[in-house]
Structure formats: C-alpha cells, structure tokens
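These notes concern the structure reproduced below.
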Amino acid sequence: MSSDSAAVAIDTGDLPFGGGMLALVRPALDLLEPGGVLAVLTRQAHAIDEFGTWCKVEHHELLESANQPGGVTRILLRKGSLGAPRGKLEDGLDLKSHNQRLEASQMLAAVPLPLTADPGTGFAPRGARVEPGGPVYPYTINDLAHAAPPDIAQLYDQAISAQWNADTDIEWGKIKPLPRPMQRALGQVFTFLAENELSALYVPSRFIARLHPHYVETAQFLATQMMDEARHIDVFLKRARIGGGGVGISHATTSASLHSLLVLEDFTEAAFLLSVLGEGTFLDLLRYIETHAPDEVTADIVRRARADETRHVHFGMSHVKHALASDPTMYTRLEAAVRKRSATLAGVGGVPYAVQDSLTILAAGGNDPASVAKGHNAFRELMEVMHDNRVKRLLTAGFSPAQAQTLSDLHTPNFM
Ligand SMILES: [Fe+2]
Ligand SMILES: [Fe+2]
C-alpha cells in the first residue's frame, strides 16, 4: 500500500509519542470511518514501536512505515471498528444567531429529533457519537410519537421568554385589607388553587426521568412548566396569607382527585388528564377569579398564572394530538383513562363545598343575600363554561361530539 491511499495525512513534527502526538493522531482518526487509512509523519525514530503497541490496544491496524528524506518516518494506520464511538462526527454545523438570539427551534432544526432513541446512549446529547459499553438507562419514553410534539422547541422558547418573578413582579404592597368574609373566601380559593398547583408540579416530574434525552426539548419544557407551577404555588399561598385570610380547607374530594393524577404511569395519559382536561378547566377557573377579583393585584396574579397555564394546555393538546395522529388506538386508551379515573372517584360528590362557597362569595363581592344570589348564578355559569370549553378542546383533539360530551361529563368535579 502506498501513502497515497491514505484518506487523511497529518504531520506530528518532533512531538514524542507519549508527549502530545496522540492528541493529533486521535482527532485525525475521528474524521475517518472504520477501515479508513491515516498517514502520520513523525521525526521521532522510535514512534513506530510505540504505534505498534498502541494499535493493538486500540484495535487499529498498523499497515506500514517508510523512512523518508530528512529523518521523517511515514506511518500508515487503518482505523479499526471495535470500540469506536457510534454515529457520524458532527462536522460543519454552524448555528447562526438572529438579532443576538439563538433559539431552541434553531437547534432542533439543525439536529432533528429521531423517530426512536436507544436507552443505551444514556445522557449523551443528541448528535454526540457514543462509545459502546455504557449501561442501558431506564428510559421508557423512547419514541418521537409519545415524546415530543412538532412544536416542542417553539413552546420551550416561548416558555423561557415568558418567565416572571413572584417576588418582584407583583405589587404586593398595594394589597389592602378586605372585609372578613371576602378575606376568608380568598384564602380558601387560593388554598384550593395551591393544592392543585402542587399536583401540576409533581405529576410532570415523574416523567422527566423516563424521557429519553434525545427529546430533551420536552424535558426542558416540562422543567419550565414545573418552574411555573412552583411560582403559582408561591403567589397563591402568599395571596392567601397576606391581609390575614389564611389558608383554608383541603377536601378529601380534592385529595382523591389529585391522587388519581399522581399515580398515572403513562406520559400521554397524564398529559391528557392533567393538561388537556385539568389545566384546560383551570383556565376558566382562573378567568372567573380574575373577573371577580377584589383588587388589581389579585387579578394580576391569576392573569399571569392563566398565561402560563395556556402554554401548559397548548403543550398537552400538541402532545395528545401528535400521539393520536401516529397511534389512533390512543383514542380508546385515553377514553379508558378518563373512565377509570371517574370510577376511582365514584362516590366523590360535586365540587368541594368550601370551594363552591368561596367562589360564590368571591363573585358576590360580599355576603349580603342579594349579592350571594348573583354569586351563586355566576358559579353555576362557570360550571357550564368549563363543560363547553372542555368539549371544544376534546373536539379539537379529534374526539367525536358524543365522546367529547361523555368525557367532559366524566371529568372530575375537582376541576383538575
Ligand atoms: Fe399552574
Ligand atoms: Fe399548569
């Protein structure tokens, strides 16, 4: 074989074999496919012996060496396949920023999501070449259909630019004391919200560790969702306590309903029950509280939370529609999940009474009987609005009108 057949040639000058030569040789071999030939020029006369040993250990093949004028030795190596990292070297990828920004959607376009992912690649970032021999990780969400909807990077980009600060963005100092019944009602409403927000924080956390990192944009989005929920818990409990209202009752109905979310094992079922049905219903509840808020700060808190929830619902809808499109049997599975949850909650009555009463008092703006009658009507209208909007979301997801009606009726009286 002549040195002309080498695909890549490098000059290592006077570098000793153990003194830096390999730092030039190894990256040059990385450019080759297994079987490719590398020519190494060296002025180290003994390098050939050390190459021989090294090639055996690394499973490369030493082909030949030839002395050249000027004390130069030319060594030819054939790259071995054993132990070589799998995949192609990422080369020539140059992301361009737009207006000083570099968005996740550009990253995803440059390094697309795979249809399936191998749990043996561990935490290797998508695009990395993976050396064989690492352990198999306990990921269970390893396919695109169930791991990442098409707009996941855009959702993550939106989420990181929409973060707000529970400490400094809310004008806490502007909150004035309210009459006692209103204060208690608000305390109860925000206790209920915080309890549901806790479930929305915990449920996604169960799926991050099961999700293959090649779909990292979904894990990143879920992390923003968890940060959102942590902030909602923060502001809701602060609002419950500022002004002397205090937190109220946690009902068994609420507890049973949220427990049935926490024990879900399937990511798509969880996205459907938590985000499409639960957080979807919460959008209407938050709008109701904003409409009837006793002050601008309270309205601001729930308005901000609703903007975040809108993203969570959007993710849930995208996830579920994407999974349904690639696997139509999911319709039956999701319907079964709603029915199973409803059966689990059989015997659980209507909306928890303290929640019902406090939402009524909130809309009444006080506790005189005439206002309470109006508050009661507002609460009843809320139930209808929630049902109508759930049906609309189910229709958008692709369920039939009859299925949408039934599933909306079966949804938990706890709202989430
Ligand atoms: Fe939330
Ligand atoms: Fe949420």
Side-chain angles (χ1 to χ4, degrees), residues 149 151-152 154-167 169-170 186 188-208 211 217-240 247 250 254-255 257-262 264 267-290 293 297-320 341 355 359 382 386 389-390 393 397 411-412 414-416:
D151 54 352
I152 188 63
Q154 284 88 342
L155 281 169
Y156 173 63
D157 283 329
Q158 284 167 16
I160 51 177
S161 59
Q163 294 295 303
W164 50 278
N165 186 318
D167 177 25
D169 286 338
I170 306 296
L186 265 191
Q188 178 60 52
V189 166
F190 283 110
T191 303
F192 175 72
L193 290 181
E195 189 167 6
N196 281 276
E197 294 291 349
L198 274 156
S199 80
L201 168 66
Y202 277 57
V203 171
S205 78
R206 300 192 70 221
F207 297 102
I208 289 183
L211 183 71
E217 285 83 353
T218 299
Q220 289 170 311
F221 178 83
L222 293 178
T224 66
Q225 179 171 351
M226 290 169 62
M227 186 61 228
D228 293 342
E229 310 303 13
R231 192 169 54 241
H232 300 167
I233 295 161
D234 187 0
V235 288
F236 291 165
L237 290 177
K238 281 175 179 159
R239 183 60 192 96
V247 297
S250 162
T254 305
S255 183
S257 175
L258 299 181
H259 180 268
S260 66
L261 281 180
L262 188 64
L264 290 169
F267 186 32
T268 306
E269 286 178 22
F272 182 59
L273 292 177
L274 173 74
S275 297
V276 175
L277 292 175
E279 292 175 310
T281 302
F282 251 61
L283 292 180
D284 295 317
L285 177 60
L286 293 170
R287 190 185 293 279
Y288 176 97
I289 298 168
E290 182 186 335
V297 179
T298 306
D300 184 39
I301 289 170
V302 285
R303 192 183 302 121
R304 286 171 180 274
R306 187 162 55 80
D308 295 337
E309 293 306 336
T310 304
R311 265 194 319 276
H312 308 167
V313 175
H314 187 137
F315 168 75
M317 287 292 290
S318 260
H319 175 124
V320 166
R341 186 175 183 213
V355 177
L359 288 172
L382 171 65
M386 284 173 163
N389 285 336
R390 267 198 307 271
R393 277 187 292 274
H411 183 63
T412 168
N414 182 60
F415 308 152
M416 185 88 112

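These figures come from a predicted structure and were not determined experimentally. Indexing begins at 1, ligand by ligand and atom by atom, following the structure's order.
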Nearby protein N/O/S atoms (those under 2.8 Å) for the Fe ion (ligand 1), with water ignored
E197 OE1, E197 OE2, E229 OE1, H232 ND1, E309 OE2
Using the side-chain hydrogen bond (donor to acceptor under 3.5 Å, both in side chains) criterion, which residues pair with T254? Sequence neighbours excluded.
N414
Does a sphere of radius 6.0 Å around CZ in R306 hold more than 12 heavy atoms from other residues, nucleotides or ligands, not counting ones at 6.0 Å or beyond?
yes
Under the rule for side-chain hydrogen bond (donor to acceptor under 3.5 Å, both in side chains), what residues qualify as partners of T268, not counting sequence neighbours?
H319
Backbone N or O of A166 within a donor-acceptor pair of the R304 side chain at under 3.5 Å?
no
If you measure only the distance, is there a donor-acceptor pair under 3.5 Å linking the side chains of H314 and Q158?
no
Once ring-ring contact (aromatic ring centres under 6.0 Å, His included) is applied, do any residues pair with F221, and if so which ones, sequence neighbours excluded?
F315
